[in-house]
J.: 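The structure follows.
Order of the sequence lines fixes the chain letters, A, B, ..., with proteins taken first and strands second; residue numbering starts at 1 for each chain.
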Amino acid sequence: MKIATFNINGVKARIDALTNWIDDTQPDVAVLQEIKSVDEGFPREIFEDKGYNVETHGQKGFNGVALLSKFPLEDVTRGLPGAAGAGRDGVDDEEARYIEATVVGDKAVRICGLYLPNGNPAPGPKYDYKLRWMERLQARAAELISHEEVALMCGDYNIIPQAEDAARPDAWRDDALFRLESREAFRRILNLGYTEAFRAREAGAGHYSFWDYQAGAWDKNDGIRIDHFLLTPQCADLLNNCWIESDVRGREKPSDHVPVWVDLAA
DNA sequence: ATGGCTGGCTGTGCCAGA
């Protein structure tokens, strides 16, 4: 089973680039972030016509996540549990950043798609929101680990885990994506027993998943690695490969992120 | 570089992103 996570930066603006990418690469599951669309506005028919099941958790203008899957999507939940002032379903804040479903291929895989808050400027209320959101993610991650099942959490974490994950780490030192508290919060989740799939396959520097639109960042390869797959032990046992499809950044009207893939024996 | 693009909006400039 080939699963890709991809922050598309707006489904309307990206529809040609996104459908061309799907036609070319045929992911079994695509986990999308920043659809920037309400559920009713998401062009689900385009993907259904290509053989995908579609589940969205959208909002107007910003954020929004979606799952596309060639396999059935079961037990779909929307929103990260544990928000203060939880709504009638007991889930979430007003920001649509999280969706889960079970994908049933050769094996059942619980897939969590997330768009973790950026958190800038830091310090400040947005950074506080990021850290609180990460506490809630850690709680959900601990629950998933306790089930001892094949599960993964993937998406745009807005976390640069280590200095080697940025072309210019010093430029990010005080940024919400890289400051120590952010990396510690990410590491606490990892240390529950998760495997970061890309680092399980590639130890070196110079691998990025985001390049800013500004200042010729792509041309200078001034990137950061912030899109990740975290695998439960049962899922890590099935990991065949993990890679970043960086050339997508150089195509027509690209997102500022590129797809990250895992291939699972599932 | 405390912002050089880009996307979304009900906008005719602003906010958000990272």
Side-chain angles (χ1 to χ4, degrees), chain A residues 5-21 32-43 46 56-66 93-98 113-131 133-134 137 154-183 185-186 198 206-228 244 246 248-260:
Chain A
T5 180
F6 192 3
N7 180 323
I8 58 174
N9 190 18
V11 70
K12 296 179 193 71
R14 211 66 57 218
I15 194 64
D16 289 343
L18 179 60
T19 53
N20 288 337
W21 170 74
L32 306 180
Q33 301 88 40
E34 280 206 270
I35 63 174
K36 296 186 175 182
S37 166
V38 293
D39 295 332
E40 314 82 70
F42 190 85
I46 292 175
T56 62
H57 180 40
Q59 71 176 87
K60 185 173 181 173
F62 303 104
N63 307 320
V65 289
D93 24 9
E94 59 278 12
E95 300 195 11
R97 297 180 173 274
Y98 191 84
L114 64 99
Y115 175 44
L116 208 148
N118 172 302
N120 279 304
K126 291 192 172 183
Y127 191 60
D128 294 340
Y129 177 66
K130 176 177 195 156
L131 293 180
W133 206 93
M134 293 187 79
L137 185 64
C154 70
D156 178 358
Y157 281 75
N158 271 317
I159 294 285
I160 303 167
Q162 304 282 354
E164 57 265 34
D165 297 311
R168 297 184 304 127
D170 288 344
W172 296 92
R173 194 64 61 183
D174 299 318
D175 192 280
L177 279 65
F178 190 57
R179 73 200 315 258
L180 189 58
E181 281 179 281
S182 305
R183 293 187 283 127
F186 181 72
F198 186 76
H207 301 279
Y208 311 127
S209 65
F210 169 92
W211 294 260
D212 202 290
Y213 288 124
Q214 302 182 64
W218 168 246
D219 293 328
K220 292 189 275 194
N221 196 24
D222 180 9
I224 52 179
R225 194 175 69 89
I226 57 176
D227 300 271
H228 310 298
I244 302 174
S246 46
V248 169
R249 186 63 179 78
R251 293 185 191 163
E252 188 87 9
K253 208 171 183 331
S255 171
D256 40 9
H257 295 250
V258 297
V260 181

J.: Does A/Arg173 make a cation-pi contact with A/Phe178 (under 6.0 Å, within 45 degrees of the axis)?
T.: no
J.: For A/Tyr157 and A/Phe186, take the angle between the two ring planes, folded into 0 to 90°, and tell me which bin it lands in: parallel under 30, tilted 30 to 60, perpendicular over 60.
T.: perpendicular
J.: Nearest to the side chain of A/Lys60, heavy atoms from C-beta on, is which of B/dT10, B/dG17, B/dG8?
T.: B/dT10
J.: What is the separation between atom CD on A/Gln59 and atom P on B/dG7, rounded to the nearest whole Å?
T.: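 Taking atom P of B/dG7 as the reference, CD of A/Gln59 is at 18 Å.
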J.: Base, sugar-phosphate or nothing for A/Tyr157? Non-hydrogen atoms, less than 4.0 Å.
T.: nothing
J.: With rounding to the closest Å, how many angstrom separate the P atoms on B/dC5 and B/dT10?
T.: 26 Å
J.: How many whole angstroms separate atom CG of A/Asp174 from atom C1' of B/dT2?
T.: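 For the pair A/Asp174 CG and B/dT2 C1', the rounded distance is 12 Å.
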J.: Mind calculating the distance between CG (A/Asn158) and C1' (B/dA16) to the nearest angstrom?
T.: 12 Å
J.: With a 4.5 Å heavy-atom cut-off, do A/Asp156 and A/Tyr115 have their side chains touching?
T.: yes
J.: Output the rounded distance in Å from CD1 (A/Ile8) to P (B/dG17).
T.: 16 Å
J.: Between A/Phe6 and A/Arg14, is there a cation-pi geometry (under 6.0 Å to ring centre, at most 45° from the normal)?
T.: no
J.: Please tell me which of the listed nucleotides, B/dT10, B/dG4, B/dT6, lies nearest to the side chain of A/Lys220?
T.: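 Closest of the options to the side chain of A/Lys220: B/dG4.
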J.: Could you give the distance separating B/dC14 and B/dA1 at their P atoms, to the nearest angstrom?
T.: 25 Å
J.: Closest nucleotide of DNA chain B for A/Gly216 versus for A/Asp156: which of these residues is on the 5' side?
T.: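 Mapping each residue to its closest nucleotide by heavy atoms, the 5'-most match is A/Gly216.
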J.: Expressed as a whole number of angstroms, how long is the span from A/Leu18:CG to B/dG7:P?
T.: 14 Å
J.: Taking only the side-chain heavy atoms of A/Lys253 (C-beta and beyond), determine which of B/dG7, B/dG17, B/dC9 contains the nearest atom.
T.: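 For A/Lys253, the side-chain atoms sit closest to B/dG7.
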J.: Who is the Watson-Crick or G-U wobble partner of B/dG4, with both distances under 3.5 Å?
T.: none
J.: Report the nucleotide, chosen from B/dA16, B/dC9, B/dG3, that has the shortest atom-to-atom distance to any side-chain atom of A/Gln214.
T.: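 Within the option list, the nearest is B/dG3.
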J.: Atom CG of A/Asn63 to atom P of B/dC15: distance rounded to whole Å?
T.: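 Atom CG in A/Asn63 sits about 17 Å away from atom P in B/dC15.
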J.: Counting only side-chain N and O atoms of A/Lys12, is one of them less than 4.0 Å from OP1 or OP2 of B/dT6?
T.: no
J.: Could you give the CD1-to-P distance, from A/Ile35 to B/dG8, as a whole number of Å?
T.: 11 Å
J.: B/dG3 P sits how many Å from A/Asp175 CG, rounded?
T.: 14 Å
J.: Counting only side-chain heavy atoms from C-beta out, which of B/dG4, B/dG17, B/dG3 sits nearest to A/Arg97?
T.: B/dG17
J.: Evaluate the side-chain proximity of A/Val260 to A/His228: yes if any heavy-atom separation is below 4.5 Å, no if none is.
T.: no
J.: Where the side chain of A/Ala215 is concerned, which of B/dG7, B/dG4, B/dG17 is the nearest nucleotide?
T.: B/dG4
J.: Taking 4.0 Å as the cut-off, does a side-chain nitrogen or oxygen of A/Lys36 come that near to OP1 or OP2 on B/dC9?
T.: no
J.: DNA chain B: A/Arg14 or A/Gly119, which has the more 5' nearest nucleotide?
T.: A/Arg14
J.: Any non-hydrogen side-chain atom of A/Asp222 less than 4.5 Å from a side-chain atom of A/Asp212?
T.: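 A side-chain contact under 4.5 Å is absent here.
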J.: For nucleotides B/dA16 and B/dG11, find the distance between their C1' atoms and express it as a whole number of Å.
T.: 15 Å
J.: Between B/dC15 and B/dG4, how many Å separate the two P atoms, rounded to a whole number?
T.: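 Per the computed distance, 15 Å lies between those P atoms.
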J.: Within the structure shown, what part of the strands sits under 4.0 Å from A/Asp212 by heavy-atom distance: base, sugar-phosphate, or nothing?
T.: base
J.: Any side-chain heavy atom of A/Tyr213 sitting closer than 4.5 Å to one from A/Asn9?
T.: yes
J.: Across the strands shown, which category fits A/Asp222 at heavy-atom distances under 4.0 angstrom: base, sugar-phosphate, nothing?
T.: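 A/Asp222: no heavy atom of the nucleic acid under 4.0 Å.
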J.: Just to be sure I understand the rule, does A/Lys130 reach a base, reach only the sugar-phosphate, or reach nothing, if contact means heavy atoms closer than 4.0 Å?
T.: nothing
J.: With a 4.0 Å cut-off on heavy atoms, is A/Asn7 in touch with a base, just the backbone sugar-phosphate, or nothing at all?
T.: sugar-phosphate
